[in-house]
Amino acid sequence: MAKDAFDIVIPLFRVRWNTRATLEGLTQHYQPRSIHVVTPHEQAELLSSVSEDWDIAPLQIHPEEDFFKPIGFTKDQICQVLDLSGSLYTPGWFYQQLLKLGAYEGIEGLSEWYLVWDSDLLPGETWPLFQDIDGEAKHSFALIQHNAYGNPAIVAKWEHWINTVLGIPAAKDPVGTFIPHHMWFKQSHLRDFGKRLGEYYQSDDHWLQLMMQSANDFGTFGEYWCYSSWVAHYAPEDLNYYPYEAYGETSERFFDDGTGLFSAALKQYQETVEGIKDGFPPSYKTVDAFIREEYGPDALPSSIAFESSPRHLKKNEETMHIEETRSRWNPRMASVG
């Protein structure tokens, strides 16, 4: 199968204990042409310094404050459209979604198909990025979040946004959600998507500004689901994915900001097995070896999402994702149920 060279784009709020392992894991499994990290200016300087000896694909770091400057916008100018009084979300949460959808606007020479990957998602026994479909290599992602869990009120708002702003049905799967924390984006589809925003609002404002306007009007939006729905409706041949049962059933998600159960056990492993004390941030090689020892070769997770927001420590059981409740590393499960 012919596979074109591609780039990976990762919005990064803060350099964390798992950043090295994630970047090295993506490099080892997928061999991207380059990895583009978009992060606040002070984090850009830090990442540039600490990543010098990491085993990763060519790394390009972009300060997020001026990411869209090539098309005339700063982060502040885009975010000033927002009116978030009473909202659960921050301007940065919405802006990060625009970095994914609009990466082609800020990165010159970005591959036509580019892979967005959430910074907290560690690849494990991961999925191929291409499937052979009728002899052709098709860009593919994996459904790794079950649709029977989570917050139904938020999901309903996301669906309403898709139905109303895009004017199309929301993409649905019998088991998984189209919120997989990674996604193949194609620039031509994104440009058409942006034009639709102008049509809906009957406005010549840039689609980035109109996305933020839509957050005021609808309360929220979900970048992965709205893009998946757009492609499913207008270019279904370009929406290819693995079903939840292929990789979602072994995916895990839990809070660990470097002080969690997984981190504590990993540090003990480093000291006992590798003879290393204070070995953070760990390499992907170390994390992978630890996971293989803990799980065994026949029960390896496809991916692990290391949530860093403290809100994951306060969730009610009824709004937890199954990927959280089934994990041995979830500190909340000892105090619920």
Side-chain angles (χ1 to χ4, degrees), residues 3-70 75 92 95-130 137 139-142 144 180-187 190 223-224 227 247 280-288 302-306 308:
K3 303 172 185 176
D4 294 335
F6 67 94
D7 302 313
I8 294 179
V9 176
I10 303 176
L12 178 70
F13 174 63
R14 183 173 297 153
V15 177
R16 300 192 183 277
W17 72 271
N18 62 293
T19 301
R20 175 183 179 179
T22 298
L23 298 183
E24 290 186 343
L26 291 172
T27 298
Q28 177 176 314
H29 286 288
Y30 297 138
Q31 298 87 49
R33 181 177 68 175
S34 61
I35 298 176
H36 295 266
V37 173
V38 191
T39 191
H41 185 270
E42 70 278 4
Q43 296 296 309
E45 293 180 342
L46 174 61
L47 180 60
S48 178
S49 173
V50 301
S51 64
E52 289 181 355
D53 61 347
W54 293 359
D55 186 14
I56 57 178
L59 178 65
Q60 296 190 38
I61 305 171
H62 309 266
E64 67 173 31
E65 293 85 350
D66 296 323
F67 183 75
F68 292 113
K69 210 162 187 179
K75 177 182 178 180
Y95 187 69
Q96 190 175 87
Q97 296 191 56
L98 298 191
L99 293 174
K100 300 172 187 180
L101 293 167
Y104 69 94
E105 300 267 29
I107 301 174
E108 185 177 357
L110 189 67
S111 54
E112 173 67 14
W113 284 88
Y114 64 90
L115 178 69
V116 167
W117 193 276
D118 284 2
S119 64
D120 59 6
L121 184 64
L122 182 86
E125 196 74 357
T126 190
W127 46 91
L129 291 180
F130 298 89
H139 300 79
S140 302
F141 58 96
I144 56 173
H181 309 288
H182 70 293
M183 180 67 67
W184 279 110
F185 290 100
K186 189 176 183 182
Q187 292 193 34
L190 288 164
E223 77 283 66
Y224 293 132
Y227 174 80
Y247 295 99
F280 270 33
S283 68
Y284 183 73
K285 181 180 179 181
T286 290
V287 177
D288 183 57
S302 66
S303 60
I304 296 177
F306 299 108
S308 57

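FYI, the numbering just counts along the sequence from 1.
- Taking both residues in full, the closest heavy atoms of Trp117 and His182 are given as CE3-CB, 3.6 Å, listed atom of the first, atom of the second, then distance.
- A distance of 6.5 Å separates CG of Leu59 from CD1 of Ile35, quoted to the nearest 0.5 Å.
- Of the listed residues (Glu64, Glu223, Glu105), just one forms a salt bridge (Lys or Arg N to Asp or Glu O under 4.0 Å) with Lys100, and that residue is Glu223.
- Between Phe130 and Trp184, the ring center distance clears the sub-6.0 Å criterion.
- Checked against a 6.0 Å centroid threshold, the rings of Trp17 and Phe280 count as neighbours.
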Step-by-step side-chain hydrogen bond (donor to acceptor under 3.5 Å, both in side chains) determination, Arg16 to Ser308: CA-CA 9 Å; Arg16 300 192 183 277; Ser308 57; 3.2 Å; yes
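- Residues Ile304 and Val287 are not in side-chain contact: their nearest non-hydrogen atoms beyond the backbone lie 4.5 Å or more apart.
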Stepwise side-chain contact (heavy atoms from CB on, under 4.5 Å) check, Phe306 with Thr22: CA-CA 10 Å; Phe306 299 108; Thr22 298; 5.6 Å; no
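- In this structure, CG in Asn18 is found 12.0 Å from CD in Glu24, a value given to the nearest 0.5 Å.
- Formation of a donor-acceptor pair under 3.5 Å by the Gln187 side chain with backbone atoms of Leu110 is found in this model.
- Residue Gln60 holds its CD atom at 10.0 Å from CD of Glu108, rounded to the nearest 0.5 Å.
- At least one side-chain heavy atom of Arg20 sits under 4.5 Å from a side-chain heavy atom of Ser283.
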Trace of the side-chain contact (heavy atoms from CB on, under 4.5 Å) decision for Leu23 with Tyr284: CA-CA 8 Å; Leu23 298 183; Tyr284 183 73; over 6 Å; no
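- With hydrogens and angles ignored, the 3.5 Å screen pairs no side-chain donor or acceptor of Tyr104 with any backbone N or O of Tyr114.
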Step-by-step side-chain contact (heavy atoms from CB on, under 4.5 Å) determination, Phe185 to His139: CA-CA 9 Å; Phe185 290 100; His139 300 79; over 6 Å; no
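- What you find for Gln96 and Pro11 is that their closest heavy atoms are CG-CB, 3.4 Å.
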Worked verdict on Ser302 versus Trp127 for side-chain contact (heavy atoms from CB on, under 4.5 Å): CA-CA 7 Å; Ser302 66; Trp127 46 91; 3.9 Å; yes
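- In this structure, OH in Tyr227 is found 15.5 Å from CD in Gln97, a value given to the nearest 0.5 Å.
- The shortest heavy-atom contact between Pro70 and Gly106 is CG-O, 4.4 Å.
- Side chain of Ser303 to backbone of Leu121: no donor-acceptor contact under 3.5 angstrom is found.
- Looking at Asp7, its side chain does come within 3.5 Å of a backbone N or O of Ser111 through a donor-acceptor pair.
- Counting all heavy atoms, side chain and backbone alike, Ile10 lies closest to Ile8 at CG1-CG2, 3.8 Å.
- Not one N or O on the side chain of Tyr247 forms a donor-acceptor pair closer than 3.5 Å with the backbone of Phe141.
- Shortest non-hydrogen contact noted between Gly109 and Arg33 is O-NH2, 3.1 Å.
- Contact check for Trp54 versus Thr27: no side-chain heavy atoms found under the 4.5 Å cut-off.
- Between the CZ atom of Arg14 and the CG atom of Leu47 there is a distance of 14.0 Å, given to the nearest 0.5 Å.
- Pro40 is listed as a side-chain neighbour of Glu65, based on a closest heavy-atom distance under 4.5 Å.
- Closest approach of Pro63 and Ile61 over heavy atoms only: CD-O, 3.9 Å.
- Taken from CZ in Phe68 to CG in Leu99, the straight-line distance is 5.0 Å, to the nearest 0.5 Å.
- Side-chain N or O atoms of His29 include none that pairs as donor or acceptor with a backbone N or O of Leu129 at under 3.5 Å.
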